[in-house]
Enquirer: 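To start, I am sharing the structure in question, which I have written as structure tokens.
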Amino acid sequence: MVMLLRVRAIIWKELIQLRRDRMTFGMIVMIPLIQLLLFGYAINTNIRHIPVGVVDFSKSGLSRVLVQTVSATQVVDIKHYFEEVDAARTAIASAKIRAALIIPEDVDHRLARHPTVGPGLPPSGDEETSRPVAQWVVDGSDTIIAAAIKSLRNMPLAELVDEPPNRSTPTFEVTLLYNPEQRTVVNIVPGLVAIILTMTMIMFTSAAIVRERERGNMEMLISTPVRSIELMIGKIIPYIFIGVIQTSIILGLGHVLFKVPIGGGLVQLAAVTFLFITASLTLGLVISTIARNQLQSMQMTVFVLMPSILLSGFIFPYEGMPVVAQYIAEALPATHFMHLIRGVVLRDVEVMNMSSDVYWLALFTLGGLAVASLRFKKRLE
């Protein structure tokens, strides 16, 4: 027979223990709060302010009005002007912009001579007059960004010229780079590498120091001549090989099963993957020096994992987030690796064209090792 007094005593004991474990109690409150803020405030599929460039061969008053009209939609923000199309394509490849508006030299002529249509009237059939007024060149590897740019295709451009109402609506031509078929899996598979490595690498090392303490090995480590930095490096090196295996499995099967192209060189891919693996492992070590037990280390790992999935650009485009959320995303290693691996794998871009992401991951790794070593040394004292 269940004795209510004994059950009540156990309940009281658990409540007291939970009250004393401030880290766990904080996670109970913070995890749902962070998820609420991420889903309700930071996540936005209605994309605005996409960074784009302009190549204006016309340099006329009408072309400037056209650019202002496109910018007024707030779907795009004009960030750069280029003299040549190749320069714009290079900027798209390096993710400095997500699309480029190419305005031809005869844009005035194209707007003015758009074909006449109306009730009972067929199109003029003149190919000269049916050409689009301008062209969007878009990074098609992100299907949400591509869809947002496509929504500008049928803007009311006829208002820019004084033409009869029976003129057909002038349109933009949209050219999709890197993923013209708009297959979502092409964008997902490289991003999946970042998410899986974030989850597993941080999880492996977040319990590294805590596990030594719980198993009673801390005294042995104190008595050895191993320095803190040597211990930290020794903790992360075995897991680097695991990360390489995971990356090979994901990209290899993605290429075989889903025909995901791998455009970049293997050396560049290996270099950026190594940087991200070490950055994630050192983040796990920092967590391990903060947590008091393995349960707390797992809770803190989840606390890092959720923003990495939602803010890194894996599911929702970075450009669709509020500015505050973008600042948080910039602090996450997954965000920078997402830029790098999609640039290398999908766009075949040179790594040094994305040098800011490379430098950030390298500095994060060095900083994480330093912090973990100092905190561990402080515990030894």
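What you see is a predicted model; the values in this text were computed from it and never measured. Worth knowing before you read on, the calculation uses all heavy atoms, side chains too, and leaves out hydrogens, waters and symmetry mates.
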Enquirer: Less than 3.5 Å apart, any donor N or O on the side chain of D139 or S141 sitting next to an acceptor on the other?
Expert: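 Per modelled atom types, D139 and S141 side chains form a pair under 3.5 Å.
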
Enquirer: Taking the side chain from T335 and the backbone from A329, do they hold a donor-acceptor pair closer than 3.5 Å?
Expert: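 Here the side-chain-to-backbone pair exists.
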
Enquirer: Would a distance-only check, ignoring hydrogens and angles, find a side-chain to backbone donor-acceptor pair under 3.5 Å from S280 to I202?
Expert: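 Not confirmed, S280 side chain does not pair with I202 backbone.
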
Enquirer: Mark yes or no for whether R98, through its side chain, and A146, through its backbone, hold a donor-acceptor pair below 3.5 Å.
Expert: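 Not confirmed, R98 side chain does not pair with A146 backbone.
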
Enquirer: Could you give me the CA-CA distance, side-chain angles and deciding distance for I47 and V75, then say whether side-chain contact (heavy atoms from CB on, under 4.5 Å) is met?
Expert: CA-CA 7 Å; I47 306 301; V75 175; over 6 Å; no

Enquirer: Quick check: does any side chain N or O of E319 sit under 3.5 Å from a backbone N or O of H49, one acting as donor and the other as acceptor?
Expert: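 Such a contact is absent between E319 side chain and H49 backbone.
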
Enquirer: Should the ring pair F204 and Y239 be called parallel, tilted or perpendicular, given that the plane angle runs from 0 to 90° and is split at 30 and 60?
Expert: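 Plane angle under 30°, so parallel.
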
Enquirer: So, S60 versus D108: side-chain donor-acceptor pair below 3.5 Å or not?
Expert: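 Side-chain D/A pair, S60 to D108: present.
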
Enquirer: Restricting to non-hydrogen atoms, name the atom on T273 and the atom on F337 that form the minimum distance, rounded to 0.1 Å.
Expert: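 For T273 and F337, the tightest heavy-atom pair comes out as CA-CE1, 3.7 Å.
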
Enquirer: Apply side-chain contact (heavy atoms from CB on, under 4.5 Å) to I103 and F57, showing your working.
Expert: CA-CA 6 Å; I103 302 176; F57 291 112; over 6 Å; no

Enquirer: Give a yes or no on whether the backbone of V351 and the side-chain of Q268 come within a donor-acceptor separation of less than 3.5 Å.
Expert: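 Side chain of Q268 to backbone of V351, a donor-acceptor pair under 3.5 Å: yes, one is there.
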
Enquirer: Run the numbers on L101 and F172 for side-chain contact (heavy atoms from CB on, under 4.5 Å), then give the verdict.
Expert: CA-CA 9 Å; L101 177 62; F172 291 116; 3.9 Å; yes

Enquirer: How are the rings of Y318 and H339 set to each other: parallel, tilted or perpendicular (split at 30° and 60°)?
Expert: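 Perpendicular, since the angle between the ring planes exceeds 60°.
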
Enquirer: Within this structure, what is the CG-CZ distance for the pair L305 and F303, rounded to the nearest 0.5 Å?
Expert: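 Rounded to the nearest 0.5 Å, the CG-CZ separation comes out at 12.0 Å.
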
Enquirer: To check you understand the geometry: which heavy-atom pair defines the closest contact between P333 and A279, and what is its length?
Expert: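 What the structure gives for the nearest pair is CB-CB, 4.3 Å.
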
Enquirer: Is it the case that atom CZ in F274 sees more than 12 heavy atoms from other parts of the structure closer than 6.0 Å?
Expert: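 Atom CZ in F274 is not crowded, with 12 or fewer foreign heavy atoms closer than 6.0 Å.
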
Enquirer: If you compare all heavy atoms of A331 against all heavy atoms of W360, which two are closest, and at what distance to 0.1 Å?
Expert: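 That closest heavy-atom pairing would be O-CH2, 3.1 Å.
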
Enquirer: At their closest point, which heavy atom of G313 faces which heavy atom of M321, and how far apart are they?
Expert: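 Answer, listing the atom of G313 first, then M321: N-CE, 4.1 Å.
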
Enquirer: Distance-only, no hydrogens or angles: does the T205 side chain make a donor-acceptor pair with backbone N or O of M201 under 3.5 Å?
Expert: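 Pair found, side chain donor or acceptor close to backbone of M201.
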
Enquirer: Kindly work out whether a path of hydrophobic side-chain contacts (I/L/V/M/F/W/Y, heavy atoms less than 4.5 Å apart) joins V260 to I195.
Expert: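 V260 clusters together with I195.
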
Enquirer: Please give me the minimum heavy-atom distance between L275 and T365, naming the atom from each residue.
Expert: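 Reported closest heavy-atom pair: O-OG1, 3.8 Å.
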
Enquirer: Could you state whether V345 and L177 fall into the same hydrophobic cluster, counting links through intermediate Ile, Leu, Val, Met, Phe, Trp or Tyr residues with side-chain heavy atoms under 4.5 angstrom apart?
Expert: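 Shared cluster, no.
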
Enquirer: For S206 and S288, does a side-chain donor sit closer than 3.5 Å to a side-chain acceptor?
Expert: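 The answer is no; no qualifying pair exists.
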
Enquirer: Please name all residues satisfying side chain to side chain contact (heavy atoms under 4.5 Å, CB included) with I16, sequence neighbours left out, ordered by chain then number.
Expert: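 W12, R19, R20.
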
Enquirer: Report, as yes or no, whether the 6.0 Å neighbourhood of atom CE on M298 holds more than 12 heavy atoms from other residues, nucleotides or ligands.
Expert: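 At most 12 heavy atoms, drawn from other residues, nucleotides or ligands, come within 6.0 Å of this atom.
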
Enquirer: Specify the closest pair of heavy atoms between S228 and F376, including all atoms of both residues, with the distance to one decimal.
Expert: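 Between these two residues, the closest heavy atoms are OG-CD2, 3.5 Å.
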
Enquirer: Keeping N293 on the side-chain end and Q296 on the backbone end, is there a donor-acceptor pair under 3.5 Å?
Expert: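 Yes, N293 side chain to Q296 backbone: donor-acceptor pair under 3.5 Å.
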
Enquirer: Is there a donor-acceptor pair under 3.5 Å between the side chain of S94 and the backbone N or O of A91?
Expert: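 Confirmed, S94 side chain pairs with A91 backbone.
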
Enquirer: Consider side-chain contact (heavy atoms from CB on, under 4.5 Å). Of L197, L346, V193, which one does I341 pass it with?
Expert: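 One option only clears the test, and that one is V193.
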
Enquirer: Can you give the donor-acceptor pairs under 3.5 Å from side chains of residues 242-251 to other protein atoms, not counting sequence neighbours?
Expert:
residue, atom, partner, partner atom, Å
Q246, OE1, T200, OG1, 2.9
T247, OG1, G243, O, 2.9
S248, OG, V244, O, 2.9

Enquirer: Decide if atom CZ of R211 counts as having more than 12 heavy atoms of other residues, nucleotides or ligands within a radius under 6.0 Å.
Expert: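 Correct, the count exceeds 12.
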
Enquirer: Should the heavy atoms of other residues, nucleotides or ligands under 6.0 Å from NE2 of H255 be counted, would the total exceed 12?
Expert: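 12 or below, so no.
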
Enquirer: State plainly whether the residues R89 and E84 are in salt-bridge range, i.e. N to O under 4.0 Å.
Expert: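 Here R89 does not pair with E84 in a salt bridge, since their nearest N and O are not under 4.0 Å apart.
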
Enquirer: Would a single hydrophobic cluster contain both L66 and V55, if residues Ile, Leu, Val, Met, Phe, Trp and Tyr are joined by side-chain heavy-atom contacts under 4.5 Å?
Expert: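 They do not share one cluster, since no chain of ILVMFWY contacts under 4.5 Å joins V55 to L66.
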
Enquirer: How far apart are the C-alpha atoms of E230 and K235, what are their side-chain angles, what is the distance that settles it, and do they pass the salt bridge (charged side-chain N to carboxylate O under 4.0 Å, His left out) test?
Expert: CA-CA 9 Å; E230 295 169 344; K235 285 286 186 183; over 6 Å; no

Enquirer: Among V286, L285, L366, which one satisfies side-chain contact (heavy atoms from CB on, under 4.5 Å) with V371?
Expert: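 When side-chain contact (heavy atoms from CB on, under 4.5 Å) is applied between V371 and each of V286, L285, L366, only V286 qualifies.
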
Enquirer: When clusters are formed by joining ILVMFWY residues with side-chain heavy atoms under 4.5 Å apart, either directly or through shared neighbours, do Y178 and I144 land in the same one?
Expert: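 No, because Y178 and I144 fall into different hydrophobic clusters, even though each may have its own neighbours under 4.5 Å.
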
Enquirer: Checking Q182 side chain against N179 main chain: does a donor-acceptor pair fall under 3.5 Å?
Expert: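 Yes, the answer is positive, given that a donor and an acceptor are paired below the 3.5 Å cut-off.
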
Enquirer: Tell me whether the rings of H80 and F82 are parallel (<30°), tilted (30 to 60°) or perpendicular (>60°).
Expert: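 Geometry flag for F82 against H80: tilted rings.
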
Enquirer: Could you go step by step and tell me if V67 and Y81 meet the side-chain contact (heavy atoms from CB on, under 4.5 Å) rule?
Expert: CA-CA 11 Å; V67 171; Y81 284 85; 3.6 Å; yes

Enquirer: If hydrophobic clusters are built by linking Ile, Leu, Val, Met, Phe, Trp and Tyr wherever their side-chain heavy atoms come under 4.5 Å apart, do Y327 and Y359 end up in the same one?
Expert: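 They do not share one cluster, since no chain of ILVMFWY contacts under 4.5 Å joins Y327 to Y359.
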
Enquirer: With rounding to the nearest 0.5 angstrom, report the CD1 to CG distance, I149 to L176.
Expert: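 It is 10.0 Å, given to the nearest 0.5 Å.
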
